[in-house]
Amino acid sequence: MYWYRVERINNELKELGCTTGELRVEDLIPFDQFHPLSTVALDEAANQLGILPSSQVLDIGSGVGGPARYLAQQYQCLVTGVELHPQMCKAAIELTQQTRLSEQVNFYQGDITTIDLKGQSFDYWIAIGVFLHIPDRSTLFSRCFELLKPGGSGYIEDFFQRQTFTAAEKAQLTNTLACPYLPTRDRYLVDLAASGFVDLHFEDVTHLWQPWEIQRAIEFEQNKSRHLKVHGEQIVQTVSHFYRVIANLFEKGNIGGARIRCQRPID
Ligand SMILES: C[S@@+](CC[C@H](N)C(=O)[O-])C[C@H]1O[C@@H](n2cnc3c(N)ncnc32)[C@H](O)[C@@H]1O
């Protein structure tokens, strides 16, 4: 999945008339944030974690680098992104060069559960809309624990299971969202604690995400003729289906949105 995301950004940049040369972080925000509530979610993460200009932040599943660039510009922190998808990671590096933020923001391509980060550890990590793709929570959370300095904190925005999914919903999650597994709130917290995390905070933000997901699907349909002109049939069909599936899942109420904070204890 996500094959279309880099092409979609390139099409939008062409439409803005700025394929090469300098770019501003704010020009990219309408299409480089792949999670509910765009930069509002990042301000929430920065405030909850207490990110400072000197902070070293790991962005797990960094996509095309939108969240990393926004945090670096807004909070003057240093951000390292890890992204599985090679094309998205390449785009993240190029867009960051074009926004002149490469001294503050760097990226590694690879799987967060196995990548060698040469012993680096971080004050904070964020994982925005990523863990739904990684079913082996034991390996994932142990790795995330190791990547924090003692006393450091992690911040997750993710889907979770509020009520039992139907067979059709399970199929949609797996096939359209590449999400083969979603834990309940309690399971999430038990698994984080089992990997050593303490000071766990879980906030159910479904009431914020549900209207946002529904509105996103509606707006995409309303602007379909514009999107067809800019992106062509194949991308528009894929994105439209993706947005509709998520909106329907949120409308039915079995899926929820979570903001979770956790800490590695001081040794
Ligand atoms: C919904 S996107 C969110 C991207 C970014 N966090 C954002 O909010 O714009 C999820 C991203 O996680 C990446 N991802 C999935 N599994 C991963 C893994 N095991 N290691 C690193 N990245 C992963 C995907 O390739 C994708 O770019």
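Order of appearance sets the numbers: ligands from 1, and atoms from 1 within every ligand. Below, all heavy atoms of this structure are taken into account, side chains as well, without hydrogens, waters or symmetry copies.
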Next on the checklist: I'd like to check Thr206 versus Phe160 (side-chain heavy atoms, cut-off strictly below 4.5 Å). Are they in contact?
Outcome noted: yes
Checklist entry - In terms of atom number and element, which parts of ligand 1 are under 4.0 angstrom from non-hydrogen atoms of Met88? => result 25 (O), 26 (C), 27 (O)
Item to check | same_hphob_cluster(Ile29, Val64) at 4.5 Å side-chain heavy-atom cutoff | outcome: no
Next on the checklist: Does the structure place the NZ or CZ of Arg137 under 6.0 Å from the centre of the six-membered ring of Tyr188, at an angle of no more than 45° from the ring's axis?
Outcome noted: yes
Checklist entry - Between the candidates His85, Glu83, Glu157, which shows the shortest non-hydrogen contact distance to atom 27 (O) of ligand 1? => result Glu83
Next on the checklist: Does any N or O of ligand 1 fall below 3.5 Å from an N or O anywhere on Val130, backbone included?
Outcome noted: no
Checklist entry - If you measure from CG on Leu101 to OH on Tyr70, what distance do you get to the nearest 0.5 Å? => result 13.0 Å
Checklist entry - How close does the nearest protein non-hydrogen atom get to atom 19 (N) of ligand 1, and which residue and atom is it? => result Asp111 OD1, 2.9 Å
Next on the checklist: Quick one, Tyr155 with Tyr124, criterion ring-ring contact (aromatic ring centres under 6.0 Å, His included). Give me CA distance, side-chain angles, the key distance, then yes/no.
Outcome noted: CA-CA 8 Å; Tyr155 182 92; Tyr124 307 107; over 10 Å; no
Checklist outcome for this item: Heavy-atom nearest pair, Asp32 first then Pro67, reads O-CD, 3.8 Å
Item to check | Heavy-atom pair with the smallest gap, counting every atom of Pro180 and Pro135 | outcome: CG-CG, 3.8 Å
Next on the checklist: Check this for me: does any side-chain nitrogen of one of Arg261 and Glu203 sit under 4.0 Å from a carboxylate oxygen of the other?
Outcome noted: no
Item to check | Leu84-ligand 1 polar pair, N/O distance under 3.5 Å | outcome: yes
Checklist outcome for this item: Between Phe131 and the options Tyr181, Phe159, Phe141, the side chain to side chain contact (heavy atoms under 4.5 Å, CB included) test singles out Phe141
Checklist entry - Short list, please: which atoms of ligand 1 are under 4.0 Å from a heavy atom of Gly110? => result 20 (N), 21 (C)
Checklist outcome for this item: atom 9 (O) of ligand 1 sits nearest the protein heavy atom Phe34 N, 2.9 Å
Item to check | Closest to atom 18 (C) of ligand 1 (judged by heavy-atom distance), picking from Ile134, Leu42, Val82 | outcome: Ile134
Item to check | Those atoms of ligand 1 less than 4.0 Å from some heavy atom in Gly63 | outcome: 4 (C), 27 (O)
Next on the checklist: I'd like to check whether Gly129 has a polar contact with ligand 1, where a contact means an N/O of the residue lying under 3.5 Å from an N/O of the ligand.
Outcome noted: no
Checklist entry - Is it the side chain, the backbone, both or neither of Thr113 that has a heavy atom closer than 4.0 Å to ligand 1? => result neither
Checklist entry - Which protein non-hydrogen atom lies closest to atom 1 (C) of ligand 1, naming both residue and atom, and how far is it? => result Tyr2 OH, 3.1 Å
Checklist entry - In ligand 1, which numbered atoms sit nearer than 4.0 Å to a non-hydrogen atom of Pro67? => result 7 (C), 8 (O), 9 (O)
Checklist outcome for this item: Restricting to heavy atoms, the pick from His133, Gln87, Arg5, His35 nearest atom 2 (S) of ligand 1 would be Arg5
Next on the checklist: Please compare Gly61, Pro36, Gly66, Ala178 and report which has the shortest non-hydrogen distance to atom 4 (C) of ligand 1.
Outcome noted: Gly61
Item to check | Heavy atom of the protein closest to atom 20 (N) of ligand 1 (residue, atom name, distance) | outcome: Ile112 N, 3.0 Å
Checklist entry - Looking only at distance, does Ile128 have an N or O less than 3.5 Å from an N or O of ligand 1? => result yes
Checklist entry - With a 4.5 Å heavy-atom cut-off, do Leu28 and Arg69 have their side chains touching? => result yes
Next on the checklist: Looking only at distances, can you tell me whether any N or O atom of Gln33, backbone or side chain, sits closer than 3.5 Å to an N or O atom of ligand 1?
Outcome noted: no
Checklist outcome for this item: Rounding to 0.5 Å, atoms CD (Glu7) and OG1 (Thr238) come to a distance of 10.0 Å
